[in-house]
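Working notes, beginning with the structure itself.
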Amino acid sequence: MSRLLYLLFVTFVAFCSILPVAYAADRPNILFMFSDDHAYQAISAYDASRNKTPNIDRLAKEGMRFDRAFVTNSICGPSRAVVQTGKYSHLNGFPDNSARAYFNPAQQTAPKLLQAAGYNTAVVGKWHLVSDPVGFDDWNILLGQGPYYNPQMKTPAGLVAHTGYTTDIITDVALDWLKSKRDKNKPFFLMYQHKAPHRNWEPPLRNVDKYKDVTIPEPATLFDDYSGRELPARVQEMTVANHMTPLDLKLVPMQDQNAEQREKFTKAYEDENKKFEESKLEGKAKTQWHYQRFVKDYIRCVDAIDENVGRMLDYLDESGLAKNTIVIYTSDQGWYLGEHGWYDKRWMYEESFRTPLLVRWPDHTKAGTVSDKMVMNLDFAETFLDLAGIKVPEDMQGASLKPILEGQNPADWRNSVYYHYYEFPQPHHVHPHLGVRTDRYKLIHFYTLDDTWELFDLQKDPSELKSLYKDPAYAPTVAELKKELKRLMEKYKDDGTTVVKYENPNPPMPKAKAKGNKAKST
């Protein structure tokens, strides 16, 4: 009998020893592809009028495209903090990108919970949360905003200097982790995060001549006069016409390139720059020139992302990982490609508020599907956990997208979304505001100004050119939306003024005021 018990014990131990591997095979890998300032208008699955993104489009063809994905606060660092925590800015402690902004590494995050549940976790690329990454077995991140060329990347072991184009390098490092550094006995969670296409839009040398002989279509609102909106839209400092620097427009040498790169890069723009300087353009013609230069450089950077997304998807196919890997592509917020005469983000107006979201989940998400559900970056942390079979903490404020990805139609899904932007006055002088969006309407409150509100009927005015807030015919709609706004503020524990803010214990020294042409946007 004792020998039988011994054999049973040995068999049990052997069986238990293979459980982690079997369990790893059952739980999906999660690859989170995150770009910076990538407008949905610059993904051909959404809008093919400017450029083509065949690799990103694969995710739409093979998975689900979300047409109404929104952010809680349209600015880089705060959006990243929301993705980590599943909480609004006033609770996660990172409401803006000010010099003292700091992500509290002690707080609960989705990567921490995934790591504790047995996932092999890593983040590669742009982090932009000041404190070092938490909840990751490995990390390799840009310093702050990071340059387009020759980045230094911070790792647990120290700084590593790279030579080359940052979008390519981030992919190289991410692929190296997937191929040789991850624990192959565990499922993985990889945050693969690009700096591009953030300002000041430096394309790789291979793309600098792309679109040279092409005229990119101008948005219908490029010459918006803001007459239908309140003061904030008129006093901002983010116009294509007046607020782009010589560095943005490639009229001066780039600051992050080595001598060889700079020579080739500068040469690509020489003839066009010379003609521009000689032409002495003014008014509308000058704005149009600015627009073509900016948008072409922007989509050249996007095309480099698409090329690298292709490299990543090809590796998943070649390695056999694709079948059990959920791939998510999104951006930290939307972006203006000349709409309303603007670049940048920040506003609750649609181009800034809305972000691209594409998800491929083999054997679960039907290929080529489109969702019009109102989803948010607030939902990402909960989705990561739910996909991994981990209970979502009750204090997270979003909802898992898993049932939507599986083709369900949750009866209790939200029918309105809440937004709150804080950073003022610089950069870009966008007044703080909060608001609510429903299927048809959007109500915005610029709460630091006396009784300044805007209401848009998105069905009749999708470009948001005329506020109807003072129109008596819409008074019942305003009353209903104010009631809904109050409900959402209570639901998300935001009284409009109270913000938990963790300050950087070692804030950077103030920089001397830039002279000439250095871009100041974050």
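The residues of the chain are indexed from 1 along the displayed sequence.
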Answer yes when [X] and [Y] have at least one side-chain N-carboxylate O distance shorter than 4.0 Å, and no when they do not.
{"X": "Glu454", "Y": "Arg229", "answer": "no"}
{"X": "Lys373", "Y": "Asp67", "answer": "no"}
{"X": "Arg440", "Y": "Asp457", "answer": "yes"}
{"X": "Arg300", "Y": "Asp297", "answer": "yes"}
{"X": "Lys402", "Y": "Glu406", "answer": "yes"}
{"X": "Asp36", "Y": "Arg80", "answer": "yes"}
{"X": "Arg58", "Y": "Glu62", "answer": "yes"}
{"X": "Arg65", "Y": "Asp372", "answer": "no"}

- Note on the structure: Residues passing the side chain to side chain donor-acceptor pair (under 3.5 Å) test with Asn104, sequence neighbours excluded, are none
- Message: Measuring centre to centre across the rings, with the benzene-like ring taken for any Trp, is His420 within less than 6.0 Å of Tyr447?
- Response: yes
- Message: Less than 6.0 angstrom separating the ring centers of Tyr102 and Tyr502, yes or no?
- Response: no
- Task: Please lay out, stage by stage, how Glu351 and Trp335 fare under the test side chain to side chain contact (heavy atoms under 4.5 Å, CB included).
- Result: CA-CA 6 Å; Glu351 294 86 358; Trp335 184 260; over 6 Å; no
- Task: Please list, chain by chain and in numerical order, all residues satisfying ring pair (Phe, Tyr, Trp, His ring centres under 6.0 Å) with His194, sequence neighbours excluded.
- Result: Tyr192
- Task: Step by step, work out the side chain to side chain contact (heavy atoms under 4.5 Å, CB included) result for Tyr421 and Glu423.
- Result: CA-CA 6 Å; Tyr421 172 80; Glu423 191 166 286; 3.3 Å; yes
- Task: Show your working on side chain to side chain contact (heavy atoms under 4.5 Å, CB included) between Val123 and Gln193 and close with a plain yes or no.
- Result: CA-CA 7 Å; Val123 57; Gln193 307 194 150; 3.9 Å; yes
- Determine the sole option in Thr330, Leu190, Val327 for which the side chain to side chain contact (heavy atoms under 4.5 Å, CB included) test with Phe32 is passed. Thr330
With a cut-off of 3.5 Å and sequence neighbours excluded, list every side-chain donor-acceptor pair involving residues 389-396.
from   : atom 1 : to     : atom 2 : distance (Å)
Asp395 : OD1    : Gln108 : NE2    : 3.1
Asp395 : OD2    : Lys87  : NZ     : 3.1

- So, does Tyr492 use its side chain to make a donor-acceptor pair with the main chain of Arg487 at under 3.5 Å? no
- Message: Tell me whether the rings of Tyr165 and Tyr148 are parallel (<30°), tilted (30 to 60°) or perpendicular (>60°).
- Response: parallel
